[in-house]
Amino acid sequence: MDIDRFWAIVEDARTAARESGVPVHEVLVDRLSELSVPEILAYGVRYDEAHDAVYRWDMWAAAYLIFGGCSDDGFVDFRAGLIAAGRTWYERAAADPDCLAGHPDAAERSGALLEEVFAQEEVGYAAAVAYERVTGDLDGFHAALERHEEEAGAGAGAAEAGGDVGDVGDDSMGEYFRFDDDEMRRRSPRLAALFVRG
């Protein structure tokens, strides 16, 4: 599955979710369940690539600001939410996490309401749930995904997971920095203006 097809599936699910009021992860599972097992696995590979590509300190800092703190698990959910936000916002944020201050929901929401937008834990499980629905195999998704990656030589496409977003696909989390208010204001001035109190 190429990256355009991956994002087309995400965008289709987002549009249908907006129109129906059904949560995006449920629509995504429905869409993926219409695919063949190899396609579900290929989607899973692309999802993992996109998710891993934004495993960076600057992105974690953005999540920390938006949520008022962010654990390891919270950062997993945040990156799922970034994917669920669609290709345009994903690529913008991958290039400059501070741009999330311009997201239409950022200025209008806070706390738990922001988590509804930016924390999408269930999106991360969509391929596994679809796989189970199609195959009836409750526990086989991760082993099947590993086999699929090995057979397809996946990983070669990791650097392009986000499209043209610079060096987001490398293995580094980038430069570490302390998530204190002064450093956040310096590195993410727009998000800090919205979310740092005092």
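Values below: all heavy atoms of this structure, side chains included; hydrogens, waters and symmetry mates excluded.
Partners of Asp98 under the salt bridge (charged side-chain N to carboxylate O under 4.0 Å, His left out) rule, at least two apart in sequence or in another chain, do not exist in this structure. Residues passing the side-chain contact (heavy atoms from CB on, under 4.5 Å) test with Asp182, sequence neighbours excluded: Asp180, Arg185. Taking the side-chain hydrogen bond (donor to acceptor under 3.5 Å, both in side chains) definition, one finds that Glu122 meets it with nothing, sequence neighbours left out. Taking His25 as the reference, nothing meets the ring pair (Phe, Tyr, Trp, His ring centres under 6.0 Å) condition, with sequence neighbours excluded. Considering only residues two or more places apart in sequence or on other chains, Val37 meets the side-chain contact (heavy atoms from CB on, under 4.5 Å) condition with Leu41, Tyr131, Val134, Thr135. Partners of Phe75 under the side-chain contact (heavy atoms from CB on, under 4.5 Å) rule, at least two apart in sequence or in another chain, are Tyr55, Met59, Trp60, Ala63, Cys70, Phe78, Arg79. The side-chain hydrogen bond (donor to acceptor under 3.5 Å, both in side chains) search around Ser20 returns none, not counting sequence neighbours. Under the rule for a side-chain contact (heavy atoms from CB on, under 4.5 Å), the partners of Tyr125 that lie at least two apart in sequence or sit in another chain are Glu121, Val129. Legend: residues meeting side-chain hydrogen bond (donor to acceptor under 3.5 Å, both in side chains) with Asp48, ordered by chain and number and at least two apart, are absent.
Within the structure, the salt bridge (charged side-chain N to carboxylate O under 4.0 Å, His left out) test picks out the following pairs touching residues 129-142 (sequence neighbours left out): Asp30-Arg133. Legend: salt bridge (charged side-chain N to carboxylate O under 4.0 Å, His left out) pairs involving residues 1-25, not counting sequence neighbours, sorted by first then second residue: Asp4-Arg87, Glu11-Arg14, Asp12-Arg31.
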For residues 186-196, which side-chain N or O atoms pair as donor and acceptor with protein atoms under 3.5 Å away, sequence neighbours left out?
from   : atom 1 : to     : atom 2 : distance (Å)
Arg186 : NH2    : Glu183 : OE2    : 2.8
Arg187 : NE     : Glu183 : OE2    : 2.4
Arg187 : NH2    : Glu175 : OE2    : 3.1
Arg187 : NH2    : Glu183 : OE2    : 3.2

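Nearest heavy-atom pair across Leu32 and Ala130 is CB-CB, 3.5 Å. For the residue pair Tyr90 and Val54, the shortest heavy atom distance occurs at OH-CG1, 3.7 Å. The two residues Gly124 and Tyr47 make their nearest non-hydrogen contact at CA-OH, 3.2 Å. Heavy-atom minimum distance, Ala16 versus Val27: CB-CG1, 3.7 Å. Between Cys99 and Trp89, the closest heavy-atom pair is O-CZ3, 3.5 Å. Closest approach of Trp7 and Ile83 over heavy atoms only: CZ3-O, 3.5 Å.
Between the side chain of Glu39 and the main chain of Ser36, a donor-acceptor pair closer than 3.5 Å is present.
A chain of hydrophobic side-chain contacts below 4.5 Å, direct or via other Ile, Leu, Val, Met, Phe, Trp or Tyr residues, connects Phe67 to Val123. Leu138 and Phe141 sit in two unconnected hydrophobic clusters of ILVMFWY residues. Membership requires side-chain heavy atoms under 4.5 Å apart, directly or through other members.
With rounding to the nearest 0.5 Å, the separation of CD in Gln120 from CG in Asp77 is 9.0 Å. Separating the CG atom in Leu28 from the CD1 atom in Ile9 is a distance of 8.0 Å, to the nearest 0.5 Å. To the nearest 0.5 Å, the span separating CG on Asp96 from CG on Asp58 amounts to 8.5 Å.
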Val10 vs Val24, test: side-chain contact (heavy atoms from CB on, under 4.5 Å). Steps then yes/no. CA-CA 9 Å; Val10 172; Val24 68; over 6 Å; no
Please walk me through it: do Tyr43 and Ile40 pass side-chain contact (heavy atoms from CB on, under 4.5 Å)? CA-CA 5 Å; Tyr43 170 91; Ile40 294 170; 5.7 Å; no
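Using a 4.5 Å cut-off on side-chain heavy atoms (C-beta onward), Val76 and His51 make contact.
When the options Phe118, Phe179, Trp57 are evaluated for a ring pair (Phe, Tyr, Trp, His ring centres under 6.0 Å) with Tyr64, the one that passes is Phe179.
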